[in-house]
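Here's the structure we're looking at; comments come further down.
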Amino acid sequence: MKKIIHQSLKVMIVLILSSSTACKKDQSQLDLDKDSKGTYSFSNTEYTGLPNVGNHYFPRPLSLRFGAADEVTAWSHLTLSVWRRGDVKGKITNVEQQPQGQTKITIMFELPGDEQFNSPQVYIISADRKSITGGSTPIISMVDMKLFPINAPSIVGLWAQPEHPDWFPDLNAITFEKAGTTTYNQGGKPVYFVYDDKVLYRQSYKTGRLTHQFLWC
């Protein structure tokens with residue numbers, strides 16, 4: 001049961017940290033109206049949201065980050081014949097400006113062991129650069145991906161799993177406390193340590209805007 005809870009937590013945490021982190025300005029995320037550092041107009045920016053990733057049955061949370069040059073990092077759970085959790089590296093192989101102001105980007109991700117599934121992924125950044133679409137299954141096909149804001153809101157507070165008939169209700173809610181710890185509810189009830197049903201199950205957390213990783217301490 002504890003293992004199942006951990007796996008469920010990790011999936012939901014990626015979504016949480018892809019939409020919100022510590023409340024401070026991220027110096028590595030460009031202000032697209034003011035900054036021009038990097039090879040491309042979208043360099044050093046990040047898009048977060050939901051794509052279809054790998055062979056999963058429903059969209060997965062994703063953080064897609066463009067570096068200063070051709071490097072790209074996708075943070076999610078991507079499973080084909082090999083199970084991946086975390087950073088999937090990629091490289092920009094082509095960039096084209098479209099007549100209506102959109103930017104067409106071709107990316108080749110590094111997927112050792114899954115070469116038979118791999119193919120160049122073509123994405124379109126909107127003319128206002130606030131969203132990204134495109135891609136193809138089974139790699140990363142965008143569903144709802146938006147430019148992540150420079151000034152992120154705090155994650156402190158209660159985060160409840162959205163109700164959906166096709167999603168497994170393994171985890172109902174996570175509370176991120178100001179002290180840097182978390183507590184959990186499952187099935188509407190608090191989650192306790194397996195060795196002591198009077199002590200709430202807690203984990204320490206740290207947030208980082210650069211990779212949106214959740215670190216168990």
side-chain hydrogen bond (donor to acceptor under 3.5 Å, both in side chains) with [X]: which residues, sequence neighbours excluded?
X: T175; answer: none
X: Q97; answer: T103
X: N118; answer: none
X: S119; answer: Q121

Distance-only, no hydrogens or angles: does the [X] side chain make a donor-acceptor pair with backbone N or O of [Y] under 3.5 Å?
X: S76; Y: L78; result: no
X: N55; Y: L80; result: yes
X: S43; Y: T39; result: yes
X: S131; Y: M145; result: no

| message | Taking salt bridge (charged side-chain N to carboxylate O under 4.0 Å, His left out) as the definition, give me every residue that meets it alongside E177, ordered by chain and number, with sequence neighbours left out. | response |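 Here the qualifying residues are R202.
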| With D144 via salt bridge (charged side-chain N to carboxylate O under 4.0 Å, His left out) - residues at least two apart | K146
Approximate separation, where rounding is to 0.5 Å, of [X] [atom1] and [Y] [atom2]:
X: L62; Y: H77; atom1: CG; atom2: NE2; answer: 11.0 Å
X: M108; Y: L111; atom1: CE; atom2: CG; answer: 7.5 Å
X: R60; Y: I140; atom1: CZ; atom2: CD1; answer: 12.0 Å
X: F109; Y: T73; atom1: CZ; atom2: OG1; answer: 9.0 Å
X: I125; Y: Q98; atom1: CD1; atom2: CD; answer: 11.5 Å

Is there a side-chain contact between [X] and [Y], using heavy atoms and a 4.5 Å cut-off?
X: F42; Y: V95; value: yes
X: F117; Y: S81; value: yes
X: I107; Y: I105; value: yes

Taking side-chain contact (heavy atoms from CB on, under 4.5 Å) as the definition, give me every residue that meets it alongside [X], ordered by chain and number, with sequence neighbours left out.
X: T133; value: I124
X: K91; value: D70
X: A127; value: none

| field | Nearest atoms (heavy-atom pairs only) where I92 meets A69 | value |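 For I92 and A69, the tightest heavy-atom pair comes out as CD1-O, 4.1 Å.
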| message | Quick check: closest heavy atoms across P120 and T106, and the distance to 0.1 Å? | response |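 Looking at all heavy atoms of both residues, the closest pair is CB-CG2, 3.8 Å.
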| said: Once salt bridge (charged side-chain N to carboxylate O under 4.0 Å, His left out) is applied, what residue pairs with a partner in residues 95-119 remain, sequence neighbours excluded? | reply: R84-D114
| said: Other members of the hydrophobic cluster containing Y192, with the 4.5 Å side-chain heavy-atom rule, please. | reply: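 L200, all in the cluster of Y192.
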| Residue from N52, L64, V53 passing side chain to side chain contact (heavy atoms under 4.5 Å, CB included) with M142 |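 Passing option: L64.
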| query | With distance as the sole criterion, is a donor-acceptor pair present between the side chains of Y47 and T45 under 3.5 Å? | reply | no
| query | Where do Q203 and T181 land on the side-chain hydrogen bond (donor to acceptor under 3.5 Å, both in side chains) test, with the steps shown first? | reply | CA-CA 5 Å; Q203 288 286 350; T181 57; over 6 Å; no
| field | Y40 reachable from I132 in the ILVMFWY side-chain graph, under 4.5 Å edges | value |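 Hydrophobic grouping puts I132 with Y40.
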